[in-house]
2 protein chains.
Amino acid sequence: MPLQLSEAKNQFISNWGAFATHWGINKTMAQVHALLLINTKPLCAEDIMEQLQISRGNVNMNVRELIDWNLVERITIVGERKEYFSAEKDIWKVVTQIIKERKKRELEPMLRLMKQLQEVPNDKTEDYKAFKSTIDGIIKYSEQADKTFEKLIKAEESWFWANFIKMVK
Amino acid sequence: MPLQLSEAKNQFISNWGAFATHWGINKTMAQVHALLLINTKPLCAEDIMEQLQISRGNVNMNVRELIDWNLVERITIVGERKEYFSAEKDIWKVVTQIIKERKKRELEPMLRLMKQLQEVPNDKTEDYKAFKSTIDGIIKYSEQADKTFEKLIKAEESWFWANFIKMVK
DNA sequence: TTAAAGTTTCAATATATATTGAAACTTTTA
DNA sequence: TAAAAGTTTCAATATATATTGAAACTTTAA
């Protein structure tokens with residue numbers, strides 16, 4: 001028995017939220033994002049409150065956060081006073097944007113600290129060697145991962161687009 | 001004024017724990033891992049309790065979790081009754097292992113659900129189209145990312161090793 | 001076989017994080 | 001300029017997650 005669309009949507013939203021919590025992302029933020037992803041039309045605060053059964057304050061905070069992440073934009077409909085919200089629909093852009101933001105917010109500060117710790121003076125102990133090589137390893141690894149990510153964006157953009165366009169039409 | 005080694009170690013451990021929480025990883029688990037990473041010699045439960053100022057139960061649970069993730073192994077020292085613990089020191093292996101585990105534990109179950117949701121019958125609405133293309137996009141994207149990850153492991157292993165060996169010796 | 005050494009478990013508790021909702025704001029329009 | 005429509009804030013509260021510690025369990029050595 002195939003799922004009804006409405007049932008499938010609910011499953012998507014709730015599971016996406018549960019999934020997000022494993023990755024350090026607020027459940028509700030992920031659910032609001034999922035809801036906006038699968039709706040062609042922009043939604044207003046009331047729509048989101050109703051569909052996710054959450055408070056106005058909660059909607060406001062999580063939408064703001066999503067806007068901050070550049071995943072959602074405010075939409076004004078002419079003749080309407082309310083604000084509406086709409087999500088970037090292209091998954092490629094969404095993922096790229098998330099990686100970029102997390103790099104900026106979490107990886108870069110961490111790397112700055114690692115580079116400071118690299119400066120600790122060599123006291124010739126075994127422990128120094130282990131410490132130094134852990135830090136060096138993390139820095140080297142991060143820099144390589146970063147370069148790879150940049151290459152990836154360029155190399156696969158064309159591939160992804162070709163497939164994405166083929167797929168959605 | 002350069003940092004003392006002991007101070008640098010503490011900074012590394014506490015910041016690594018804080019960092020981990022942004023990625024859905026338990027703070028203490030990350031700290032135990034950091035502690036074992038920068039110690040040449042295996043540590044026992046008491047050592048960890050003392051250095052991180054946490055309870056025996058907490059040590060036990062987090063060490064078990066790390067073993068489960070294949071990041072730490074139990075070590076028996078001849079003539080000693082206690083168990084000791086030691087972490088995989090090669091950062092490349094550590095990261096690869098973490099990605100593999102998270103893929104298995106989180107991404108794969110999510111993809112199975114997505115594939116189920118793909119089967120929802122086409123009701124010809126705008127909403128159906130948006131829903132379908134979101135799900136299709138996620139699946140396509142994940143599959144591509146997966147392939148890229150596999151290629152990466154092979155392509156960069158030699159590069160990374162060359163650099164890692166040069167660096168640590 | 002038993003007591004000492006060590007490990008594991010898990011209910012109780014503490015801590016961190018998310019959510020509510022009502023009051024304080026900020027437009028807008030009559 | 002007043003009040004209606006809408007948005008934002010944040011202290012209080014609820015929920016989720018992590019931690020403790022003592023009891024139960026397991027293993028080892030005398």
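Proteins come first, then strands; the chains are lettered A, B, ... in the order of their sequence lines, and each starts at number 1. We use all heavy atoms of the structure for the numbers below, so side chains are in, but hydrogens, waters and symmetry mates are not.
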Legend entry - Backbone of B:Glu50 reached by a side-chain donor or acceptor of B:Gln53 within 3.5 Å: yes

Legend entry - First of A:Glu46 and B:Gln53 reached from the 5' end of DNA chain D, by closest nucleotide: A:Glu46

Inset, instruction - With heavy atoms under 4.0 Å as the rule, sort A:Arg56 into base, sugar-phosphate or nothing. - result: base

Inset, instruction - Consider only side-chain N and O atoms of A:Thr125 and A:Asp127, and report whether a donor and an acceptor are under 3.5 Å apart. - result: no

Inset, instruction - Starting from the 5' end of DNA chain C, give me the residue, A:Ile25 or A:Gly57, whose nearest nucleotide shows up first. - result: A:Ile25

Legend entry - Watson-Crick or G-U wobble mate for D:dT15, both contacts under 3.5 Å: C:dA16

Inset, instruction - Spell out, as yes or no, whether a donor-acceptor pair under 3.5 Å connects the side chain of B:Arg102 to the backbone of A:His22. - result: yes

Legend entry - Donor-acceptor contact present, side-chain B:Lys89 to main-chain B:Asn39, <3.5 Å: yes

Legend entry - Side chain to side chain, A:Gln4 and A:Lys9, heavy atoms closer than 4.5 Å: no

Legend entry - Segment of DNA chain D, first to last nucleotide, that comes within the 4.0 Å heavy-atom reach of chain A: D:dA4 to D:dC10

Legend entry - Polar side-chain atom of B:Gln118 near backbone of B:Ile135 as donor-acceptor pair, under 3.5 Å: no

Legend entry - Pairing nucleotide - C:dA22, Watson-Crick or G-U, each distance under 3.5 Å: D:dT9

Inset, instruction - Using a 4.0 Å heavy-atom cut-off across all strands, classify B:Thr28 as base, sugar-phosphate, or nothing. - result: sugar-phosphate

Legend entry - Residue closer to the 5' end of DNA chain C, A:Asn62 versus A:Arg81 (nearest nucleotide): A:Asn62

Legend entry - Nearest-nucleotide comparison on DNA chain D, the residue closer to the 5′ end among A:Thr21 and A:Asn60: A:Asn60

